Chemist: 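Before I ask anything, let me first share the structure, which is written out below as structure tokens.
All figures in this text were calculated on a predicted structure; none of them were measured in a lab. Both counts, for ligands and for their atoms, begin at 1 and track the order of listing.
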Amino acid sequence: MTSTQVTLIQIDNYGPWTVTPEPRREVDLQTLQSRLYADLSQLVGNREGYVFFTRFDNMVAVTNGIDGDAHALIQESVGNRYPVTVSLGIAVDERPIAALGRASEYLQEAGSAQDKSRQEILEGETLPERERGEEDVHIAHFDVNDATGKYTDQLNAFDTFIHIEQGYAELMRYMRTAHDALSFFVGGDNVIAVCPSLSRADYHDAIDHVDEAVGVDLKVGAGRARTAHDAGMQAKHELEVCREEGTLVELAWE
Ligand SMILES: Nc1nc2c(ncn2[C@@H]2O[C@H](COP(=O)(O)OP(=O)(O)OP(=O)(O)O)[C@@H](O)[C@H]2O)c(=O)[nH]1
């Protein structure tokens with residue numbers, strides 16, 4: 001059984017800040033957002049977690065093994081380095097979407113994302129060390145088959161992007177609806193999904209669904225471990241097995 005610890009990272013009062021005292025230069029906002037993501041990726045990644053940029057003003061992290069004090073340090077570090085602050089909601093659940101749902105509620109209950117007085121909230125529950133298990137986090141790494149040969153080397157970069165995004169959109173919706181999983185585009189032709197316990201047949205169904213719906217061919221490697229980093233690394237190795245053997249689904253535990 002999985003126990004995914006999810007942290008919602010939300011920039012405080014960011015909407016109003018982007019237009020105060022007047023609209024700020026877009027390039028500066030893009031620079032701030034990407035640097036903040038990069039810093040969070042290191043701050044969380046150095047502690048074996050994963051952060052996904054999602055909408056940049058809201059980011060989702062898998063933080064098994066990162067306790068409340070470590071979250072507070074990450075929050076303080078951002079506050080010291082940036083002209084904005086972040087609020088953090090943390091929750092644990094077998095179903096990744098349920099964990100994110102509760103993490104979101106902690107912030108929503110503390111006030112609106114655009115409430116000036118709601119700042120640097122740190123609320124929620126972390127998984128106690130004694131309750132952590134070796135298979136708490138399941139990560140699936142999806143990749144488009146031969147994206148280079150079929151798209152990158154054939155089409156212009158924008159039409160390639162549309163194909164990849166369509167595959168991503170269909171996959172993220174399917175995985176959320178069918179399995180309460182959270183799937184995130186991570187660049188290139190890659191999607192990383194934070195999953196509950198799924199079977200080989202479940203993964204085959206997801207791949208079949210995306211192929212039927214939008215004609216994008218995927219393969220997937222999956223891993224399970226104590227932390228996002230370890231599960232994700234297993235998933236990458238399994239994806240290499242897919243490449244070597246020409247298979248579509250490889251699970252580290254079978
Ligand atoms: N974030 C991330 N991106 C990756 C990873 N591996 C590949 N990519 C991206 O995916 C793009 C395509 O690379 P591949 O997936 O290896 O190439 P492919 O043409 O799809 O070939 P096959 O995957 O072997 O079918 C690269 O340009 C990278 O942007 C990964 O592990 N993580």
Chemist: So if I count the atoms of ligand 1 from 1 in the order they appear, which ones are less than 4.0 Å from some heavy atom of Lys236?
Modeler: 30 (C), 31 (O), 32 (N)
Chemist: For Arg243, counting its heavy atoms only, list the atoms of ligand 1 lying under 4.0 Å from any of them.
Modeler: 14 (P), 15 (O), 16 (O), 22 (P), 23 (O), 24 (O)
Chemist: Determine, using heavy atoms of Lys219 and all atoms of ligand 1, whether some pair is separated by less than 4.0 Å.
Modeler: yes
Chemist: Under 4.0 Å from a heavy atom of Val144: which atoms of ligand 1 are those, numbered in the order shown and with their elements?
Modeler: 20 (O), 23 (O), 25 (O)
Chemist: I need the atoms of ligand 1 closer than 4.0 Å to a non-hydrogen atom of Asp143, numbered in the order shown.
Modeler: 15 (O), 20 (O), 23 (O)
Chemist: Under 3.5 Å, N or O to N or O, is Val186 touching ligand 1 that way?
Modeler: yes
Chemist: Among Phe184, Phe142, Phe185, whose ring-ring contact (aromatic ring centres under 6.0 Å, His included) with Tyr168 holds?
Modeler: Phe185
Chemist: Pull out every atom of ligand 1 sitting under 4.0 Å from any heavy atom of Asn145, numbered as shown with elements.
Modeler: 25 (O)
Chemist: For ligand 1, which atoms sit closer than 4.0 Å to a heavy atom of Gly188?
Modeler: 9 (C), 10 (O), 29 (O)
Chemist: With a 4.0 Å cut-off, would you call Asp12 and Lys116 a salt bridge?
Modeler: no
Chemist: Using the ring of each side chain (for Trp, its six-membered ring), is Tyr50 parallel, tilted or perpendicular to Phe52, with breaks at 30° and 60°?
Modeler: perpendicular
Chemist: Taking Asp67 for the side chain and Ala70 for the main chain, is one N or O donor matched with an acceptor at less than 3.5 Å?
Modeler: yes
Chemist: State whether Arg102 and Glu125 are salt-bridged, where the test is any N-O pair (Lys NZ or Arg NE/NH1/NH2 against Asp/Glu carboxylate O) under 4.0 Å.
Modeler: yes
Chemist: Counting only non-hydrogen atoms of the protein, does one fall under 4.0 Å from atom 26 (C) of ligand 1?
Modeler: no
